[in-house]
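Whatever order the structure lists them in is the order used to number ligands and atoms, beginning at 1.
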Amino acid sequence: MPETILVEREGRVAILTINRPDKLNALNQQVRDEMLEILAGIEHDDSVGVVVITGAGEKSFIAGADIGEFAGRTPFDQRHAMRSPRVFDIMASFPKPVIAMINGFCLGGGCELAMSCDIRIASEKARFGQPEINLGIIPGGGGTQRLPRLVGTGHAMRLILTGDMIQAAEAKEIGLVEIVVPAEELRAKTLELANKIASKSPLTLKIAKEALRASERLPIEDGITYERDLFCLCFSSADKEEGVKAFLEKRPAEWKGR
Ligand code: COA
């Protein structure tokens, strides 16, 4: 049983809550290991369509890596702690959609974890930042790569070089989060979004995510070719037959996931 993460189910949605509120849900080795273990189980659980990640308590989503673990560490210790598979990469390539439900401080590794998710929905009270510069380090969970892809190099430079925090409204304005809602509506709005996505064909969701993730690494011509191949692959699925047939018969589709 995981000790640092609560796992809940709401229909086809799995909600994973990092549960270290006294440490503002900082990511230590145990959280990262348990997250990988839980995700490995969910990957093959057909009853889960969408994963939601959040933090326990009112104050914080994740306030970054656990700074206590950095003290006295050698480069070799740190390299070992950062060995693959890394939770950031597993989330980005996870075959089911992952939504970050950002309830408060979203800093450092927390912001990097949110950026590894597919969609970010935040409370108006959330605050975002990459404060590593203040510790004499740089982001190490993909922040220097994923942040500029989301917000552009200029805003990424500003956030990473100053270490400043920004409010949820500004995070939305620059593209770091997609949706901002009042704190009291965060869970309901997140579940509404998650349930809507979870009602689609799991197979088609997986293929759509794969195509979208490819856009982060492929030149446009290769990406368009890859999309065409994945589009044609959809034509081998029972769900494509069912989706088209249901539309023509004016009824809701019944997905098989194959
Ligand atoms: N790692 C380890 N512990 C952390 C933590 C982190 N990233 N962030 C917060 N905590 C701990 C604090 O040490 C404190 O623990 P204590 O009560 O045992 O002393 C507890 O969480 C509450 O934090 P506190 O600093 O008292 O809350 P605050 O409201 O005054 O400030 C923050 C909130 C987020 C501004 C502040 O905690 C902070 O700057 N955290 C570090 C953020 C950071 O640099 N993240 C990147 C890490 S690479």
Side-chain angles (χ1 to χ4, degrees), residues 2-6 16-36 53-92 100-117 120-151 155-172 174 176-177 180 183 186:
E3 291 172 354
T4 61
I5 301 175
L6 302 172
L16 313 186
T17 304
I18 298 172
N19 190 25
R20 301 183 73 211
D22 52 327
K23 293 290 175 195
L24 304 188
N25 305 316
L27 290 178
N28 62 8
Q29 191 65 51
Q30 189 179 359
V31 174
R32 289 195 295 270
D33 288 348
E34 290 185 353
M35 184 65 80
L36 287 173
I53 310 279
T54 193
E58 305 266 293
K59 193 168 164 181
S60 182
F61 171 66
I62 302 166
D66 191 315
I67 299 170
E69 290 186 342
F70 289 159
R73 253 194 195 163
T74 66
F76 298 102
D77 298 336
Q78 188 54 34
R79 186 68 187 78
H80 182 68
M82 294 171 89
R83 67 194 178 279
S84 295
R86 297 188 70 200
V87 71
F88 308 98
D89 305 324
I90 293 294
M91 275 188 191
M101 179 166 87
I102 303 163
N103 52 309
F105 285 119
C106 181
L107 302 174
C111 193
E112 291 169 305
L113 199 78
M115 290 191 284
S116 305
C117 293
R120 286 147 293 278
I121 174 166
S123 143
E124 281 169 352
K125 292 184 182 158
R127 294 176 76 190
F128 299 77
Q130 295 288 162
E132 290 88 347
I133 200 90
N134 299 321
L135 301 168
I137 54 176
I138 67 168
T144 64
Q145 305 303 303
R146 292 198 173 99
L147 188 56
R149 281 172 167 80
L150 280 173
V151 306
H155 284 302
M157 284 280 184
R158 174 174 64 101
L159 289 170
I160 290 173
L161 302 187
T162 64
D164 283 352
M165 276 191 236
I166 58 172
Q167 309 280 347
E170 185 180 350
K172 178 159 184 260
I174 66 175
L176 180 50
V177 298
V180 175
L186 181 62

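- Those atoms of ligand 1 that come under 4.0 Å of a heavy atom in M165, given as number and element, are 35 (C).
- If you look at A63 next to ligand 1, the close heavy atoms, those under 4.0 Å, come from the backbone and the side chain alike.
- Atom CD of E58 is surrounded by 12 or fewer heavy atoms from other residues, nucleotides or ligands within 6.0 Å.
- Comparing D22, L24, I62 by heavy-atom distance to atom 14 (C) of ligand 1, the nearest is D22.
- Here is the list of ligand 1 atoms found below 4.0 Å of a heavy atom in D66: 1 (N), 2 (C).
- Of all the listed residues (E69, E112, K23), K23 holds the heavy atom that lies closest to atom 4 (C) of ligand 1.
- Proximity to L107 (heavy-atom distance under 4.0 Å) selects the following atoms of ligand 1: 34 (C), 42 (C).
- Here is the list of ligand 1 atoms found below 4.0 Å of a heavy atom in K59: 27 (O), 28 (P), 29 (O).
- Considering only non-hydrogen atoms, atom 41 (C) of ligand 1 lies nearest to I67 out of I67, L135, I137.
- Within a 4.0 Å radius of atom 39 (O) of ligand 1, the protein contributes no heavy atom.
- Salt-bridge annotation for E112 and R120: absent, with no side-chain N of the basic residue lying under 4.0 Å from a carboxylate O of the acidic one.
- Residue contact check for ligand 1: G109 places no non-hydrogen atom closer than 4.0 Å to it.
- For ligand 1, the atoms closer than 4.0 angstrom to any heavy atom of P131 are 43 (C), 44 (O), 45 (N), 46 (C).
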Using the side-chain contact (heavy atoms from CB on, under 4.5 Å) rule, take L147 and M115 through it: C-alpha gap first, then chi angles, then the decisive distance, then the call. CA-CA 7 Å; L147 188 56; M115 290 191 284; 3.7 Å; yes
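- For the 3.5 Å distance criterion, the side chains of N103 and T54 qualify, holding a donor opposite an acceptor.
- A side-chain hydrogen bond (donor to acceptor under 3.5 Å, both in side chains) with T4 holds for exactly one of Q30, R32, E34, K23; it is E34.
- Distances shorter than 4.0 angstrom do not occur between any heavy atom of Q130 and any atom of ligand 1.
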